[in-house]
Chemist: 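Quick one: this structure, given as structure tokens, is what I'll be asking you about.
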Amino acid sequence: MKRKRIKQLLDNPATGEDVLVKGWVRTRRGNKNISFIALNDGSTINNIQVVAENSAFDESLLREITTGACLAVSGKLVESQGQGQNVEINASSIEIYGKCDAETYPLQKKGHSMEFLREHAHLRFRTNTFGAVFRIRHAMAYAIHKYFNDRGFYYLHTPIITGSDAEGAGEMFHVTTLDLKNPPLTETGEVDYSRDFFGKVTNLTVSGQLEGELGALSLGEIYTFGPTFRAENSNTPRHLAEFWMIEPEMAFYDLEDNMNLAEDFVKYLITYALENCSDDLGFLNNMIDKGLLERLKFVVANDFVRITYTEAVSILTAASRKWEYPVGWGRDLQAEHERYLVEEHFKRPVILTDYPKEIKAFYMKQNDDGKTVRAMDVLFPGIGEIIGGSQREEDHDKLLNRINELNIPIKDLWWYLETRKFGTAPHSGFGLGFERLILFMTGMSNIRDVIPFPRTPKNAEF
RNA sequence: UCCUCAGUAGCUCAGUUGGUUAGAGCAACGGACUGUUAAUCCGUGGGUCGCCGGUUCGAGUCCAGCCUGGGGAGCCA
């Protein structure tokens, strides 16, 4: 008999048929006559109830059906006599693939703290919460590719190892094959990277943007979706040392087009989840965050507020409120300021644009006022900046001047500058932090719980 | 990295001004129960009190250092 997924049985229950399911025991209840086994195979958050008449099975086999054990069960799918489910399987045979010693298995029938489960990341997939989170994570990854593919964007693979040290997005992880105990040295006593694997200093990428621009300036619209690495000593519920980022980059888009895309994109993803992950979202809404569904629907239904940095500073200055950090034109906005705008003043997602050039990256398009750049940050309730992007500076000389002002070594960026020399074009793009999106989508509160194996300072277990 | 809180049974926690043998609920295990839904009821076992020093007649409790984790901040996505 061919195995059926539990999702399939529950979605289209063909009662009366013999079925075969395989999965892991969530709980087993019963008395000396009958056993009820809740079985889950990961296809859905819902379990199927297996009913076994104890007299039909060896006592030793029944004893081994404990929480966590892996079973193959065949039997007839019937309407349930009990209240909690529509259908159940009357087991005719049970095979135990993997026993699970109840005395040493870390997961219990009852709830565990997120911290405890994080330390058991190899097993936490077996919980309802993490099953839901990682099914949603998958659905979002798929929806991202679908969104862009349907709109003529090309998926571009930008390098993970980079020789460019000029992206300026944070501390980088060094990549080397040199013997750290005994590295080759130059005459002046420095490490001689010309004898390293790539013949130069290399790092793990902090962004695929610069390479993404190269693709956009010929392919038109591209996006990247890959791992990103930051060696910052950040210890917060919103930061990872290894995370996934989506970076679309579009020729002929100005900042307005860029904002329109970002807003449409995020709303599409939320809508996709609402339509395709309702069981998992419903569970998370009940167990993790009672306001989750309401918030997701609200974001889809309402326009994002769009204001300039300068307008935001005015609002913050006028707010009758004490700031821990001062507000003033030219200062970067702090978390408390962003939170006020999103969660109190506007009570909806906010896109801030046209920041002072001093607090933004070198590649952003300079406005005519000489003071601001065509930047945009999309701020979300609860998680802060979910998207950061800009129109890019396409003017070769303006870009070169800015690079020189910031003392960025041109030898690392000659190829980037050449795109402005040969057939330059107005273009824009942004970066969306995938895990921050998943935080918002699931109502989870710590970013370490929305990536299967989090990498953070002092933690690379599993 | 800074601020702050915490670390006691498998899990979640209590533990009095420092004082004899460190407790509870849940889980596990044994038993009862004719269909259970985080089943229920009765019973049993289970401890390097994060680590290392110090103070003291005596430290889970007080002090110093370190480690780990949570929350907040910075950096950012």
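Because the structure is predicted, anything quoted here is derived from the model rather than measured. Below, chain A is the first sequence line, B the second, and so on; all start at residue 1.
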Chemist: If you apply the rule side-chain hydrogen bond (donor to acceptor under 3.5 Å, both in side chains), what do you find for Arg230(A) with Thr228(A), and how did you get there?
Modeler: CA-CA 7 Å; Arg230(A) 305 270 168 93; Thr228(A) 309; over 6 Å; no

Chemist: Scan every strand shown for a Watson-Crick or G-U wobble partner of A9(B), both distances under 3.5 Å, and answer none if you come up empty.
Modeler: none

Chemist: Is the side chain of Asn286(A) donor-acceptor paired with the backbone N or O of Leu281(A) at a distance under 3.5 Å, no angle test?
Modeler: no

Chemist: Give none if C2(B) has no partner; otherwise give the nucleotide forming a Watson-Crick or G-U wobble pair with it, both distances under 3.5 Å.
Modeler: G72(B)

Chemist: Any side-chain N or O of Arg238(A) under 4.0 Å from OP1/OP2 of C75(B)?
Modeler: no

Chemist: Base, sugar-phosphate, or nothing: which does Gln85(A) touch, judged by heavy atoms less than 4.0 Å apart?
Modeler: base

Chemist: With hydrogens left out and only the distance checked, is there a donor-acceptor pair under 3.5 Å joining Gln83(A)'s side chain and the base of G35(B)?
Modeler: no

Chemist: Could you check whether any side-chain N or O of Arg124(A) sits under 3.5 Å from a backbone N or O of Pro452(A), counting only pairs where one atom can act as donor and the other as acceptor?
Modeler: yes

Chemist: Could you tell me whether a side-chain N or O of Lys347(A) sits under 3.5 Å from a main-chain N or O of Glu344(A), the two making a donor and an acceptor?
Modeler: yes

Chemist: Looking across every strand, which nucleic acid part, if any, lies under 4.0 Å from Arg26(A) by heavy atom: base, sugar-phosphate, or nothing?
Modeler: nothing

Chemist: Let's see if you can work this out: which of G69(B), G35(B), A39(B) has an atom nearest to the side-chain heavy atoms of Phe36(A)?
Modeler: G35(B)

Chemist: Between C33(B), U37(B), A73(B), which one does the side chain of Tyr325(A) approach most closely?
Modeler: A73(B)

Chemist: Between the base of C76(B) and the side chain of His239(A), is there a donor-acceptor distance below 3.5 Å?
Modeler: yes

Chemist: Mind checking if Tyr105(A) touches a base, just sugar-phosphate, or nothing, with heavy atoms under 4.0 Å?
Modeler: nothing

Chemist: As a test of reading the structure: which of U12(B), A73(B), G35(B) is closest to the side chain of Asn235(A), going by heavy atoms?
Modeler: A73(B)

Chemist: If I pick the C1' atom on G54(B) and the same atom on A64(B), what distance separates them, to the nearest angstrom?
Modeler: 7 Å

Chemist: Looking only at N and O atoms, is any donor in the side chain of Gln81(A) or the base of G35(B) less than 3.5 Å from an acceptor on the other one?
Modeler: yes

Chemist: Give Thr236(A) one of three labels, base, sugar-phosphate or nothing, depending on what nucleic acid heavy atoms sit under 4.0 Å from its own.
Modeler: base

Chemist: Of the candidate nucleotides G35(B), G74(B), A27(B), which contains the atom at the shortest distance from the side chain of Gln108(A)?
Modeler: A27(B)

Chemist: Is a side-chain donor-acceptor pair under 3.5 Å present for Glu213(A) with Gln209(A)?
Modeler: yes

Chemist: Once you apply a heavy-atom cut-off of 4.0 Å, does Glu385(A) come out as touching a base, just sugar-phosphate, or nothing?
Modeler: sugar-phosphate

Chemist: Determine the contact category for Ile386(A): base if any of its heavy atoms lies under 4.0 Å from a base atom, sugar-phosphate if only primed atoms, P, OP1 or OP2 are that close, otherwise nothing.
Modeler: sugar-phosphate

Chemist: Scan every strand shown for a Watson-Crick or G-U wobble partner of C41(B), both distances under 3.5 Å, and answer none if you come up empty.
Modeler: G31(B)

Chemist: Looking at Glu103(A), is its backbone amide N or carbonyl O close enough to the side chain of Asp101(A) to form a donor-acceptor pair, meaning the two atoms are under 3.5 Å apart?
Modeler: yes

Chemist: Answer with base, sugar-phosphate or nothing: what part of the nucleic acid does Ser80(A) contact at a heavy-atom distance below 4.0 Å?
Modeler: base

Chemist: Between the base of C75(B) and the side chain of Ser234(A), is there any donor-acceptor pair under 3.5 Å?
Modeler: yes

Chemist: Paired with U21(B): which nucleotide, if any, by Watson-Crick or G-U wobble criteria at under 3.5 Å for both distances?
Modeler: none

Chemist: Quick one: label Ala38(A) by what it contacts on the DNA or RNA (base, sugar-phosphate, nothing), any heavy atom closer than 4.0 Å.
Modeler: nothing

Chemist: Can Asn459(A) and Arg448(A) be counted as having a side-chain donor-acceptor contact under 3.5 angstrom?
Modeler: no

Chemist: With both distances under 3.5 Å as the test, what is the Watson-Crick or G-U wobble partner of A14(B)?
Modeler: none

Chemist: Nearest of G35(B), C29(B), G74(B) to any side-chain atom of Glu103(A)?
Modeler: C29(B)

Chemist: Can you tell which of G72(B), U36(B), A28(B) lies closest to the side chain of Pro237(A)?
Modeler: G72(B)

Chemist: What about Glu88(A), does its side chain sit under 3.5 Å from the base of G35(B) through a donor-acceptor pair?
Modeler: yes

Chemist: With heavy atoms under 4.0 Å as the rule, sort Arg339(A) into base, sugar-phosphate or nothing.
Modeler: sugar-phosphate

Chemist: G58(B) pairs with which nucleotide, Watson-Crick or G-U wobble, both distances below 3.5 Å?
Modeler: none

Chemist: Describe the nucleic acid contact of Phe243(A) in one word from base, sugar-phosphate, nothing, applying a heavy-atom distance below 4.0 Å.
Modeler: base

Chemist: What is the nucleic acid contact for Leu437(A), judged by heavy atoms within less than 4.0 Å: base, sugar-phosphate only, or nothing?
Modeler: nothing

